[in-house]
Amino acid sequence: MNVLLIDDEETVRENLKTLIKGFLPGVEKVDEAEGVIEGLKRIKSNKPDLLFLDIEMKDGTGFDLLDLCGEIDFKIVFVTGHDGYAIKAFKFNAIDYLLKPIDPEELTQAYDKAKSLMDLEAQQVGLTQLDKIKAKKPLDNIVLRDAESIYLVALKSIVRCQAQGNYTVFYLDDGRKLTITKSLKEYEDLLPERTFFRPHQSHLINLLHFDHFEKKDGGIIFMKNGSQVPVSVRKKENLFKILDRK
């Protein structure tokens with residue numbers, strides 16, 4: 001794994017390199033940069049797998065750097081002396097958020113999270129590539145991650161999904177709820193149309209868990225687990241057509 005450290009304090013970078021050498025034997029290469037501008041150049045030239053990124057630096061913030069990157073194809077662990085940025089950090093799908101001085105155990109845990117996610121994505125193919133191949137190869141599982149964990153979820157276990165702002169809540173058949181930092185629209189595009197149907201702007205259902213439809217209150221879908229999902233007027237006809245084909 002190739003790692004890039006971006007921090008405007010040389011002592012912090014040196015300490016982090018020492019910890020990486022001592023506790024993360026799977027790291028093959030460690031590069032470094034002292035700020036936003038240099039960091040952006042290093043990202044483009046060295047294409048790191050994992051970024052340890054400071055937030056407040058002399059020429060801007062870590063968030064500024066990520067905005068300049070455009071597409072982010074590496075994993076991010078924020079390393080900072082401030083605990084007030086955690087929520088914003090996880091909006092960038094950060095793997096972890098470490099406070100200085102860095103605890104070796106927390107560093108190891110963050111690295112293990114990043115490595116696990118990379119391994120899963122290598123097996124399941126990245127989300128951006130799944131769209132291209134789902135017509136050729138049926139999708140059986142999906143990788144989901146929240147602020148703390150990474151999940152490999154079987155599609156058949158998903159009962160329904162519900163929009164919550166820019167987040168999506170997955171309701172699984174074992175009763176779990178997973179809140180994921182991606183929009184419902186992204187999952188509507190990703191999940192196979194033969195199984196998943198969006199009856200309402202805030203809801204996406206798995207037809208394998210569909211129980212029945214009632215006309216009351218404008219139209220309500222009842223799922224096998226007892227949950228209820230509204231149906232918008234313009235989606236009723238599509239729902240009926242799909243049910244007629246089943």
Side-chain angles (χ1 to χ4, degrees), residues 1 49-51 53 66 69 71-78 86-98 106 108-210 221 223-229:
M1 184 186 297
D49 301 306
L50 176 61
L51 191 65
L53 179 60
L66 295 176
C69 283
E71 183 179 356
I72 296 175
D73 56 0
F74 46 82
K75 308 308 173 195
I76 306 162
V77 173
F78 283 97
I87 293 177
K88 186 172 182 180
F90 287 118
K91 287 184 179 179
F92 282 92
N93 291 331
I95 297 292
D96 216 330
Y97 186 93
L98 306 181
E106 292 181 353
T108 302
Q109 291 173 352
Y111 173 77
D112 288 342
K113 287 181 188 178
K115 190 173 185 304
S116 295
L117 182 58
M118 291 177 192
D119 290 343
L120 282 174
E121 289 179 345
Q123 293 169 14
Q124 298 303 315
V125 187
L127 286 178
T128 55
Q129 296 176 322
L130 282 174
D131 262 345
K132 300 176 182 177
I133 67 169
K134 69 178 182 180
K136 301 177 181 178
K137 181 180 179 181
L139 181 65
D140 296 320
N141 303 288
I142 187 171
V143 175
L144 302 176
R145 59 176 175 168
D146 57 23
E148 298 180 351
S149 303
I150 303 165
Y151 307 89
L152 181 62
V153 176
L155 296 195
K156 63 183 180 181
S157 71
I158 301 170
V159 176
R160 63 187 182 92
C161 308
Q162 184 170 349
Q164 192 174 86
N166 291 325
Y167 294 74
T168 300
V169 181
F170 280 74
Y171 293 82
L172 306 184
D173 60 5
D174 60 6
R176 285 183 296 164
K177 290 197 312 183
L178 306 179
T179 301
I180 308 301
T181 55
K182 288 184 180 292
S183 70
L184 186 63
K185 178 63 169 66
E186 292 181 68
Y187 289 109
E188 180 188 17
D189 293 339
L190 173 65
L191 295 169
E193 293 180 3
R194 69 183 186 278
T195 309
F196 287 84
F197 174 68
R198 191 170 182 176
H200 185 277
Q201 64 178 0
S202 299
H203 297 272
L204 182 67
I205 66 169
N206 187 344
L207 293 167
L208 295 175
H209 294 273
F210 176 94
I221 292 172
M223 306 301 287
K224 291 178 180 178
N225 68 349
S227 59
Q228 301 177 24
V229 178

**OP:** Please list, chain by chain and in numerical order, all residues satisfying ring-ring contact (aromatic ring centres under 6.0 Å, His included) with His209, sequence neighbours excluded.
**Re:** none
**OP:** Would you check, one step at a time, whether the test side-chain contact (heavy atoms from CB on, under 4.5 Å) holds for Val77 with Ile95?
**Re:** CA-CA 5 Å; Val77 173; Ile95 297 292; 4.0 Å; yes
Subject >> Non-neighbouring partners of Asp73 that pass side chain to side chain contact (heavy atoms under 4.5 Å, CB included), sequence neighbours left out >> reply: none
**OP:** Kindly write out the residues that satisfy side chain to side chain donor-acceptor pair (under 3.5 Å) with Asn206, not counting sequence neighbours, or none if the list is empty.
**Re:** none
Subject >> Residue pair Leu172 / Ile158, side-chain heavy-atom distance below 4.5 Å >> reply: yes
**OP:** Could you list the residues that satisfy ring-ring contact (aromatic ring centres under 6.0 Å, His included) with Tyr151, not counting sequence neighbours?
**Re:** none
Subject >> Ile72 side chain near Leu51 side chain, heavy-atom distance below 4.5 Å >> reply: no
Subject >> Non-neighbouring partners of Asp112 that pass side chain to side chain contact (heavy atoms under 4.5 Å, CB included), sequence neighbours left out >> reply: Thr108
**OP:** Assess whether side-chain contact (heavy atoms from CB on, under 4.5 Å) is satisfied between Tyr171 and Met223, documenting all intermediate values.
**Re:** CA-CA 11 Å; Tyr171 293 82; Met223 306 301 287; over 6 Å; no
Original post:
When rounded to the nearest 0.5 angstrom, what distance separates CG in Leu208 from CZ in Phe196?
Top reply: 7.5 Å
Subject >> For Lys224 against Phe210, the heavy-atom pair lying closest together >> reply: CE-O, 3.4 Å
Subject >> Heavy-atom side-chain contact between Asn93 and Ile76 under 4.5 Å >> reply: no
**OP:** Apply salt bridge (charged side-chain N to carboxylate O under 4.0 Å, His left out) to Asp49 and list each qualifying residue two or more places apart in sequence or on a separate chain.
**Re:** none
Original post:
Out of curiosity, Ile142 CD1 to Leu190 CG, how far, rounded to the nearest 0.5 Å?
Top reply: 4.5 Å
Original post:
Got a sec, which residues hit salt bridge (charged side-chain N to carboxylate O under 4.0 Å, His left out) with Lys156, two or more places apart in sequence or on another chain?
Top reply: none
Subject >> Pairing residues for Arg198 by the salt bridge (charged side-chain N to carboxylate O under 4.0 Å, His left out) criterion, not counting sequence neighbours >> reply: Glu188
Original post:
What pairs of residues pass the salt bridge (charged side-chain N to carboxylate O under 4.0 Å, His left out) test when at least one of them lies in residues 164-180, not counting sequence neighbours?
Top reply: Asp174-Arg176
Original post:
Is the backbone N or O of Ala154 less than 3.5 Å from a side-chain atom of Ser157, with the two atoms forming a donor-acceptor pair by type?
Top reply: yes
**OP:** Could I get the full list of side chain to side chain contact (heavy atoms under 4.5 Å, CB included) partners for Gln109, not counting sequence neighbours?
**Re:** Glu105
Original post:
Is the number of heavy atoms from other residues, nucleotides or ligands within 6.0 Å of NZ (Lys115) greater than 12?
Top reply: no
Show the atom names and distances, to 0.1 Å, of all donor-acceptor pairs under 3.5 Å that link a side chain in residues 161-170 to residues at least two apart or in another chain.
| residue | atom | partner | partner atom | Å |
| --- | --- | --- | --- | --- |
| Gln162 | OE1 | Arg160 | NH1 | 3.1 |
| Thr168 | OG1 | Lys182 | O | 2.7 |
| Thr168 | OG1 | Ser183 | O | 3.4 |
| Thr168 | OG1 | Leu184 | N | 3.0 |

Subject >> Partner set under ring-ring contact (aromatic ring centres under 6.0 Å, His included) for Phe78, not counting sequence neighbours >> reply: Phe63
Original post:
When rounded to the nearest 0.5 angstrom, what is the spacing between OG1 in Thr181 and CD in Glu186?
Top reply: 9.0 Å
Original post:
Would Leu144 and Tyr187 count as a side-chain contact (heavy atoms from CB on, under 4.5 Å) if you check the C-alpha gap in whole Å, the side-chain angles of each, and the deciding distance to 0.1 Å?
Top reply: CA-CA 11 Å; Leu144 302 176; Tyr187 289 109; 3.7 Å; yes
